[in-house]
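Here's the structure we're looking at; comments come further down.
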Amino acid sequence: MNDSVEDSFAQVRLAAGGLFVHGEQVLLVHTTYGGGWEIPGGYVESGESPAAACRREIREELGIDRPAQRLLVHDWAPSADDGDKILYIFDCGVLGDEKAVELQPGELDRWQWVRIDTLDDFVVPRLARRLWHAFRARLEDRPLYLEHGRPVLAYPSADATGASWLDRQADRDQHLG
């Protein structure tokens with residue numbers, strides 16, 4: 001057997017998505033290939049940066065050219081089916097003119113603003129956790145490192161001058177705990 005050190009190195013799949021926020025709502029897109037809700041985004045191509053992939057995917061899926069403005073979440077989320085994955089969520093600012101959105105035929109069939117506290121009705125739990133943390137990171141103006149959608153590093157507490165919107169949510173602990 002000819003094993004090398006490189007055989008033990010992780011071979012990671014990268015994906016990047018864009019978070020658009022309108023008040024207490026986030027933009028979700030509905031896929032035709034899986035019939036589920038997601039944020040705009042997709043896999044990073046060979047030689048492409050995650051931020052560039054986010055921009056490309058938004059252009060391909062929504063028909064608008066929007067660069068990533070800042071990193072919100074870096075999530076290490078391996079799965080038995082897909083292997084090691086690192087998932088990025090970038091803040092992509094304000095959507096702007098909603099009439100400019102042109103969905104990619106055959107990939108997406110609709111989009112919708114969804115209140116952050118109703119995400120569980122739309123997306124799988126691991127994505128709901130990731131989106132809650134991305135929303136939080138945007139409010140607190142700092143990126144978060146996650147593993148399986150959960151923070152694993154100690155972060156300094158947010159500005160203690162007042163409670164954030166997330167602190168008033170009944171299901172906050174389920175997603176941010």
Side-chain angles (χ1 to χ4, degrees), residues 13-75 77 85-144 146 149 158-159 162-169 171-172 175-176:
R13 294 176 78 181
L14 303 176
L19 188 72
F20 291 94
V21 175
H22 180 69
E24 297 173 356
Q25 302 175 95
V26 297
L27 180 100
L28 295 182
V29 293
H30 190 264
T31 64
T32 57
Y33 51 85
W37 291 94
E38 302 277 344
I39 59 172
Y43 282 108
V44 177
E45 295 176 355
S46 180
E48 183 179 43
S49 75
C54 180
R55 184 176 192 168
R56 174 184 51 77
E57 287 286 344
I58 289 170
R59 188 173 49 250
E60 290 174 1
E61 293 182 355
L62 301 179
I64 59 175
D65 185 24
R66 184 63 51 85
Q69 295 181 357
R70 61 184 166 151
L71 176 66
L72 297 174
V73 165
H74 172 113
D75 189 9
K85 283 186 181 180
I86 296 177
L87 309 169
Y88 295 92
I89 297 180
F90 293 96
D91 183 354
C92 288
V94 177
L95 182 61
D97 182 9
E98 294 182 0
K99 293 177 183 169
V101 173
E102 294 181 22
L103 298 179
Q104 175 71 28
E107 190 170 337
L108 302 175
D109 59 7
R110 62 189 181 274
W111 64 273
Q112 179 174 329
W113 289 109
V114 174
R115 283 184 50 91
I116 191 76
D117 59 343
T118 64
L119 281 174
D120 291 331
D121 297 334
F122 292 86
V123 300
V124 297
R126 68 182 180 275
L127 180 55
R129 285 192 307 270
R130 192 175 304 119
L131 292 175
W132 269 89
H133 284 294
F135 191 83
R136 170 184 163 196
R138 187 175 184 275
L139 287 176
E140 295 176 358
D141 196 26
R142 63 180 176 165
L144 294 172
L146 310 175
D159 181 12
S164 77
W165 177 83
L166 293 174
D167 292 331
R168 298 189 309 269
Q169 298 305 304
D171 57 349
R172 161 185 59 80
H175 297 286
L176 301 180

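Heads up: numbering here begins at 1 and tracks the sequence.
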Side-chain heavy atoms of [X] within contact of [Y], under 4.5 Å:
{"X": "Leu62", "Y": "Val29", "value": "yes"}
{"X": "Ile86", "Y": "His74", "value": "yes"}
{"X": "Trp111", "Y": "Pro40", "value": "no"}
{"X": "Leu119", "Y": "Val26", "value": "yes"}
{"X": "Asp65", "Y": "Arg55", "value": "yes"}
{"X": "Leu28", "Y": "Gln112", "value": "no"}

For this session: List the steps, then state whether side chain to side chain contact (heavy atoms under 4.5 Å, CB included) holds for Arg70 with Arg142.
Result: CA-CA 9 Å; Arg70 61 184 166 151; Arg142 63 180 176 165; over 6 Å; no
Problem set entry | Contact list for residues 95-108, test side-chain hydrogen bond (donor to acceptor under 3.5 Å, both in side chains), sequence neighbours left out |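 Every pair satisfying side-chain hydrogen bond (donor to acceptor under 3.5 Å, both in side chains) with a residue in residues 95-108: Glu98-Trp113.
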Find the distance between [atom1] ([X]) and [atom2] ([Y]) and round it off to the nearest 0.5 Å.
{"X": "Tyr88", "Y": "Lys85", "atom1": "OH", "atom2": "NZ", "value": "14.0 Å"}
{"X": "Thr31", "Y": "Asp109", "atom1": "OG1", "atom2": "CG", "value": "7.5 Å"}
{"X": "Leu146", "Y": "Asp75", "atom1": "CG", "atom2": "CG", "value": "4.5 Å"}
{"X": "Arg138", "Y": "Leu72", "atom1": "CZ", "atom2": "CG", "value": "7.5 Å"}
{"X": "Leu103", "Y": "Glu60", "atom1": "CG", "atom2": "CD", "value": "13.5 Å"}
{"X": "Arg130", "Y": "Ile89", "atom1": "CZ", "atom2": "CD1", "value": "6.0 Å"}

For this session: Take Arg110 and Trp37 through the side chain to side chain contact (heavy atoms under 4.5 Å, CB included) test and state the conclusion after the steps.
Result: CA-CA 9 Å; Arg110 62 189 181 274; Trp37 291 94; 3.6 Å; yes
At their closest point, which heavy atom of [X] faces which heavy atom of [Y], and how far apart are they?
{"X": "Ile64", "Y": "Ala100", "answer": "CG2-O, 3.8 Å"}
{"X": "Leu14", "Y": "Pro50", "answer": "CD1-CG, 4.4 Å"}
{"X": "Phe90", "Y": "Ala16", "answer": "CE1-CB, 4.0 Å"}
{"X": "Gly18", "Y": "Ile58", "answer": "CA-CD1, 4.1 Å"}

N/O donor-acceptor pair under 3.5 Å between [X] side chain and [Y] backbone:
{"X": "Arg56", "Y": "Val44", "value": "no"}
{"X": "Glu24", "Y": "Ile116", "value": "no"}
{"X": "Thr32", "Y": "Gly106", "value": "yes"}
{"X": "Arg66", "Y": "Leu95", "value": "yes"}

